[in-house]
Amino acid sequence: MTVRLHDTMAGTVRDFVPLEPGHVRVYTCGPTVYGAAHIGNFRTIISSDLLVRYLRYRGYRVTWVMNVTDIDDKIIKRAREEGISVVELAARYEGQFLADLDRLGIARPDVMPRATQHIPQMVEQISKLLAGGHAYRTEDGSIFFSIASWPAYGRLARLDPEGLRVTGRVEADEYGKDDVRDFALWKGPVEGEPSWETAIGPGRPGWHIECSAMSTHYLGQPFDIHTGGVDLIFPHHEDEIAQSEAATGKTFVANWFHCGFLQMGGQKMAKSLGNIASVGELMNRGISSRALRLALMSAHYRTPLSFGDDSLTAAGSAIDRLDALMSALTAYRSDCPDDGSLPALLDAARSAFETALDDDLNISPALAAIFDLIRELNRRIDARVLSTADAGRAIAFMRDLDRVLAIAPTADDGLQPELQKLLDERASARAGKDWAASDRLRVALGERGILVEDTRDGQRWRRAE
Ligand code: AMP
Ligand code: ZN
């Protein structure tokens, strides 16, 4: 089977064929680091992470690049308000963003280029656009892309060919444009704002050129998959295409992958609407990061996903079921022979999981395959028809699929020696029928975040979230 993906440009789901056999190059529009990212931003990134993880699971080598926008109007404004430098502000929120990525189990991209460290690449691309007649200068030292010079503009967003329906927002620092639709490639210097001395003059880059320059610098042109939220289709991605294709004459991207909105209270989660939640806030409320990841991943990436306490509760109990199974399998001991029907059960689960994800990352049936398997394995544990080796096979199987989902508890080998010592002491106390000591040790472990449960396979532990 091949992986099939929806491509926004084609408007259909198609077989995915990498441009270079065996290697997939993916670019994701990353954060503008002027404040804490909200979980709507992370829904889009988790969808990209799922894509990257699944392609890797399918045997592809994936190079994943996600930029960090560390210079823009919002960053400059916020730094001024807080009385700190732009560099300091951007570093603070980049750090917070990376911590959230880790908490949500999002694989670290292979490269996370910062805009301010790629000014020469942007300048080179702008120079080509100037030389090719696709860009022009204005009196304040800014440089604009000329939409009139690029008839293919609007294909991704399916804009009216005449461009008449485009409503341009005229920003304060974008005066002097030939056409209201034209967008800034370069912003002329402004007193008191960061500026670079370059071959095209002093100033700073526009937002769109950052992604064009950094994606093709690391991934070449064309590259395979460009991801982002649906709100980036226009104008951001449309502008990226125009810049990159007009500068080189080559196709920019082979497949466009866009994630639907996370909604809260029936509306898009957005800073401007105030209906936002951050990873940190939810963690402080005691929500487990794995439950949050699952909640953000639980609907097809192209459909809107409404977020609320119900979805968190459902995800939390799903994670509890997974954790309970993993700890039951870890503790399981039996002398009975291998269960002859286990391989077929696991094969069927794998095949259902892959069939679903091959189909444009159809997550719901993939998760159903896992949770049906959990139920079936629990049944076999209760009936004690698995061998000890079978339990090991089931754990390895779950961990293998978890390379894609990243929701399973971390492997038990991470237990600190002092906690292991308490567990060992408790096991000996129980063996010696010293129930008082056993209870005392259970409480001591509980205070350290380790929940202990006694089963016929001996004590079983898991981390409290
Ligand atoms: P922004 O900070 O608005 O530039 O957004 C950063 C990324 O998050 C972009 O890919 C957006 O499309 C995406 N994004 C913003 N809000 C949401 C939302 N409510 N749901 C899903 N993705 C979002
Ligand atoms: Zn971008």
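If you read the sequence from its start, that first residue is 1, and numbering goes on from there. Each ligand, and each atom within it, is numbered from 1 in the order the structure gives.
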Does any part of the side chain of [Y], heavy atoms only, come nearer than 4.5 Å to the side chain of [X], both counted from C-beta?
| X | Y | value |
| --- | --- | --- |
| His226 | Glu240 | yes |
| Ser48 | Val26 | no |
| Gln243 | Met122 | no |

Distance under 4.0 Å to a non-hydrogen atom of [X]: what atoms of ligand 1 satisfy this?
| X | value |
| --- | --- |
| Lys268 | 16 (N), 19 (N) |
| Gly260 | 21 (C) |
| Gly229 | 10 (O), 12 (O) |
| Thr44 | 10 (O), 13 (C), 21 (C), 22 (N), 23 (C) |

Check: [X] N/O within less than 3.5 Å of ligand 1 N/O:
| X | value |
| --- | --- |
| Asp231 | yes |
| Met269 | yes |
| Gly40 | yes |
| Gly30 | no |

Near the Zn ion (ligand 2), which protein N/O/S atoms fall under 2.8 Å? Cys29 SG, Cys211 SG, His236 NE2, Glu240 OE2
Would you compute the distance between atom CH2 of Trp207 and atom CG of Asp239 and round it to the nearest 0.5 angstrom? 9.0 Å
In Å and rounded to the nearest 0.5 Å, what is the CD1 to CD1 distance from Ile209 to Ile126? 4.5 Å
Show, in sequence, the C-alpha distance, side-chain angles and deciding distance for Ser364 and His300, and conclude whether the side-chain hydrogen bond (donor to acceptor under 3.5 Å, both in side chains) test is met. CA-CA 7 Å; Ser364 301; His300 190 276; over 6 Å; no
Using heavy-atom distances, let me know which of Thr32, Asn41, Leu232 sits nearest atom 2 (O) of ligand 1. Asn41
Is atom NZ of Lys77 surrounded by more than 12 heavy atoms (other residues, nucleotides or ligands) closer than 6.0 Å? no
Atom CZ of Arg155 with >12 non-hydrogen neighbours under 6.0 angstrom: no
Once ring pair (Phe, Tyr, Trp, His ring centres under 6.0 Å) is applied, do any residues pair with [X], and if so which ones, sequence neighbours excluded?
| X | result |
| --- | --- |
| Tyr218 | His118 |
| Tyr54 | Tyr57 |
| Tyr301 | Phe257 |

In the protein, what heavy atom is nearest to atom 20 (N) of ligand 1, and what distance, to one decimal place, separates them? Leu262 N, 2.8 Å
Any protein heavy atom lying closer than 4.0 Å to atom 4 (O) of ligand 1? no
Between Leu361 and Ser47 the two heavy atoms that sit nearest each other are CD1-O, 4.4 Å
Checking contacts here: is it the side chain or the backbone of Lys271 that comes within 4.0 Å of ligand 1, counting heavy atoms only? Could be both or neither. neither
